[in-house]
Amino acid sequence: MSKANKNDKSRRKFLQNLGLAGVSAVGGTALLLQSCSDSKDSASGKKVKVLTQDNQLVEVDVANLKPSDKIKDLDYLQDRGREGIPGKKFVMVVDLAKCKNARKCMSACQNAHQLKPEMHHINVLEMNDPVRKTSYYMPKTCQHCDNPPCVSVCPVDATFKRQDGIVLIDNERCIGCRFCVAACPYSARTFNWTEPKDAKEFAEVTYDMELNVPQKKGTVTKCAFSADRLREGKLPYCVSACPNGVYYFGDSNEDLVTNGTTKKTVRLSELLEENAAYTLMPELGTKPSVYYLPPRQNKG
Amino acid sequence: MNDTLSKEILTDDQIEQDLLKNINWGNKFKLWLAFLAVSLIICLYFYYQQIEHGLGVTGLHDYVSWGIYISNFVFFVATSLIGMLISSVLGLMNVSWVKPLARIAELVAVAFAMVAGLIIITDMGRPDRLLNVFMHGRVQSPIVWDIAVVVTYVAISILLLYIPLLPDIALCRDKLKNVPKWQQKMYKILALGWKGKAKQFKLMNNYTRILLILIIPIALSIHTVTSWLFAMTLRSGWDSPIFGPYFVSGAFVAGCAAVIITMYFFQKNYKLDKYITIDHFDRMGRLLVLVALVYVYFNINEIIVPAYKTNTADAKHVQEMLSGHESIMFWMVQLGGLIIPFLLILFRPMRRPLPLMLISIVILTGAWFKRVLIVVPTQLAPYYPIQNVPEKWTHYMPTVPEIAITTGSFILVLIIMSVLAKLFPVIPIWEIKEEINHNKN
């Protein structure tokens, strides 16, 4: 997490005027140049040619190039966060037979999202199996419902469903009424009752709703399917942290999911069908995007 | 016709003198107001703490994220509904004995409804973003419906208090010469040039009638929508289609009790025995029995139907109420706060002013705890177990700041009612005069 630099606002403006879409537009050259842009405000005299969004080639002074600028702009991040990633429909598959309660997912998640120990975007629960009289471990995240009750009740559109299926919260807008907390049947949401962890360290960081950091006192926070990682083409924090191969994550439009531990990619439909997958409380009509493969048959 | 008023022959002058007597700033009142103000400042200090440190100063947590603030909000909205029942429903049916009580009922309605709106703000994590509700409000959220109807209800209730007050304000303007200058000026402005002409009376009666009719659906909606904040969720214990009428019927119980208590203190403090008579208490007591019976009926439905079935989540919720964790509070509220008091009021001696007022205090207290029983236990029984969180998150206990802020809401109601009752006559003077003249003829 790099800290926002307040004194080069003008430079950021300049780049915006150029219409650079983001990191990708500047490309590898810019990334390379970032290391030698220490000379701050003075123009270096070296010029590079870059392609703008509307396909025009323009010449920019090297000193004015700093690709990470865009990612520090709140408006840009807010728009991007609401829009989502086009053409995607993210899903998660949790193989309960493999979960050994290692809780690496929980700590990875809490570290990434600036959460206190009692705050869970993902919570590994010990569940009783009333039929087999055994217990099993069940990681529970936000189910990213296709019919999300939390989104319906939000009075200010702070929590919303994106085109890629992710339910996010904008803590710049949340009024802290906690109606979503009351409405969620999966108890997936948590609230910043007091000043968030390490609030001072994060004070200067620009808010990214895809990561939901920095957390803010008096607002609700929840699992974001690690939308920030998905944008970089990476798997969510919890999925990558699991040592036991519990999580598959992917895109249901492609019908492919990748296991976070083995990195093996499999067909989603086959995985679900062959393992008798189910969703949590389907009778409520919430249509979750998280699927569960049943726990082990023998005593686990 | 009106046999609740005193049998004594009262002249117009006598009535005016009796009913304007309460408008003065005596030392006793100043002391009372100072006491209320100091108490309110103490409560505000706790609210400042909550703003400073976050809602973490309360006993709320991720599982019981709605506690006594929301229960208290429901209670306040409930209590305020009585204005509609007394001045509107009974008024439109020409039940003449309620006439002297209509203004008291409206006072209760206005004070409780206004403060209800403030209570919601104390429950917000980010009260500084209140305007977001207007800037980004979404119609599918019951909160937005609730805000819309509560604001409308407050507005109409204020009008319903104000418009029939016009002739009396004009009377204050003309008769009260010993009050401070600002107060005289206020009467002059508020009287809107009232001269007691027949045309003015006609206009006033027309407006009042429209408001009396309008307020019925709006009052029903404020409490129905408030119940929907719960009933629209998928939680067992809240997920009930009868929540609307269940809440409305409960509201009348709380409201009747609140009006009886207010009546009692006005009668004693302002020596209004000739206008708020023993007979008024008797009739209010009977009204209370009627509304309590309806409420008992809804309670039976709300408990027995899910208890009979084997739907796991609902059965667990009911069992917690009847014999589990919540059973002590449940039976205290149901027996002590509802059934025993209403059985007592069936006996005439219990409908005399003092016993009825005391029973009403018990009922009102029971009604407050009843709202806690509706709001809290459901959240303690989520569908998935409460794990990996501090032990105290498995139950709920309000903290000192939370209780103080809640107390503050009651103090604010007392301040509003006390001040209004010092500025305006609490009994409609012109209606009493009309009534007595009518009886004479």
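Sequence lines set the chain letters: A, B, ... in the order given, protein chains first and strands last, and positions in each chain run from 1. Keep in mind the model is a prediction, meaning the values are calculated, not measured. What's counted below: heavy atoms across the whole structure, side chains too, no hydrogens, waters or symmetry copies.
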(message) Tell me whether B/H325 at atom NE2 has more than 12 heavy atoms from other residues, nucleotides or ligands lying less than 6.0 Å away.
(response) no

(request) With a 4.5 Å cut-off on heavy-atom pairs, point out which of A/C184, A/P185, A/P149, A/G285 contacts chain B the most. (result) A/P185

(message) Measuring from atom CE of B/M135 to atom CG of A/D157, what distance do you get when rounded to the nearest 0.5 angstrom?
(response) 12.0 Å

(message) Out of B/I70, B/I120, B/D123, B/T378, return the one with the most heavy atom pairs under 4.5 angstrom to chain A.
(response) B/D123

(message) I'd like to know if the side chain of A/K217 reaches the main chain of B/R126, judged simply by a donor and an acceptor atom lying under 3.5 Å from each other, with no hydrogens or angles considered.
(response) no

(request) Measure distances from A/V220 to the heavy atoms of chain B and classify the residue's part below 4.5 Å as side chain, backbone, both or neither. (result) neither

(request) Under the side chain to side chain contact (heavy atoms under 4.5 Å, CB included) rule, what do A/N123 and B/Y384 come out as? Steps first, then yes or no, please. (result) CA-CA 11 Å; A/N123 195 356; B/Y384 291 93; over 6 Å; no

(request) Please determine, among B/L229, B/I386, B/V144, the option with the most heavy-atom pairs under 4.5 Å with chain A. (result) B/L229

(request) First locate atom NE2 of A/H120, then atom CG of B/D62, and finally report the distance between them rounded to the nearest 0.5 Å. (result) 8.5 Å

(request) Name the region of B/Q50, side chain, backbone, both or neither, that has any atom closer than 4.5 Å to a heavy atom of chain A. (result) neither

(message) Counting only non-hydrogen atoms closer than 4.5 Å, can you tell me which residues of residues 275-283 of chain A sit against chain B?
(response) A/L280, A/M281

(request) Without swapping roles, check the side chain of B/R138 against the backbone of A/C154 for a donor-acceptor pair under 3.5 Å. (result) yes

(request) Considering only heavy atoms and a distance below 4.5 Å, find which of A/N192, A/T286, A/N171, A/N128 pairs most often with chain B. (result) A/N171

(request) Name the region of B/W393, side chain, backbone, both or neither, that has any atom closer than 4.5 Å to a heavy atom of chain A. (result) side chain

(request) Name the option with the most non-hydrogen atom pairs under 4.5 Å to chain A; the candidates are B/P142, B/P390, B/G137, B/P382. (result) B/P142

(request) Considering only heavy atoms and a distance below 4.5 Å, find which of A/E126, A/M106, A/M127 pairs most often with chain B. (result) A/E126

(message) Go through it in stages, so that I can follow the logic: the residues are A/W193 and B/S65, the test is side chain to side chain contact (heavy atoms under 4.5 Å, CB included), and I'd like the CA-CA distance, side-chain angles, deciding distance and then a yes or no.
(response) CA-CA 10 Å; A/W193 295 99; B/S65 80; 3.9 Å; yes

(message) Just verifying a value: how many Å separate A/M119 CE and B/H61 NE2, rounded to the nearest 0.5 Å?
(response) 14.5 Å

(message) If we ignore hydrogens and angles and just use 3.5 Å, is the side chain of B/W66 paired with the main-chain N or O of A/C177 as donor and acceptor?
(response) yes

(request) Inspect the surroundings of NZ in A/K104 and state if more than 12 heavy atoms from other residues, nucleotides or ligands are less than 6.0 Å away. (result) no

(request) Measure A/P155 against the heavy atoms of chain B and call it side chain, backbone, both or neither at under 4.5 Å. (result) both

(request) Keeping the roles fixed (side chain from B/N132, backbone from A/R173), state whether a donor-acceptor pair exists under 3.5 Å. (result) yes

(request) Check each atom of B/I51 against the heavy atoms of chain A and say whether the ones under 4.5 Å are side chain, backbone, both or neither. (result) backbone

(message) Looking at every heavy atom in both B/Q387 and A/V124, which two are closest together, and how far apart are they?
(response) OE1-O, 4.3 Å

(request) Tell me, yes or no, whether the heavy-atom count around B/F298 atom CZ, taken from other residues, nucleotides or ligands under 6.0 Å, exceeds 12. (result) yes

(message) If I measure from the heavy atoms of chain A, does B/L60 come under 4.5 Å with its side chain, its backbone, both, or neither?
(response) both

(request) Enter the distance from A/D170:CG to B/H136:NE2 here, rounded to the nearest 0.5 Å. (result) 8.5 Å

(request) Identify which of B/R235, B/M232, B/Q140 forms the greatest number of heavy-atom pairs closer than 4.5 Å to chain A. (result) B/R235

(request) Give the member of A/T194, A/L284, A/T219, A/V156 that has the highest number of heavy-atom pairs under 4.5 Å with chain B. (result) A/V156

(request) First locate atom CD1 of B/I143, then atom CD1 of A/I175, and finally report the distance between them rounded to the nearest 0.5 Å. (result) 6.0 Å

(request) Kindly compute the distance separating NZ (A/K216) from CZ (B/R129), expressed to the nearest 0.5 Å. (result) 6.5 Å

(message) If you apply the rule side chain to side chain contact (heavy atoms under 4.5 Å, CB included), what do you find for B/Y63 with A/S187, and how did you get there?
(response) CA-CA 8 Å; B/Y63 289 89; A/S187 309; 4.0 Å; yes

(request) Check the pair B/Q379 / A/V181 against side chain to side chain contact (heavy atoms under 4.5 Å, CB included), numbers first and verdict last. (result) CA-CA 10 Å; B/Q379 298 173 79; A/V181 177; over 6 Å; no

(message) Could you check whether any side-chain N or O of B/N388 sits under 3.5 Å from a backbone N or O of A/L125, counting only pairs where one atom can act as donor and the other as acceptor?
(response) no

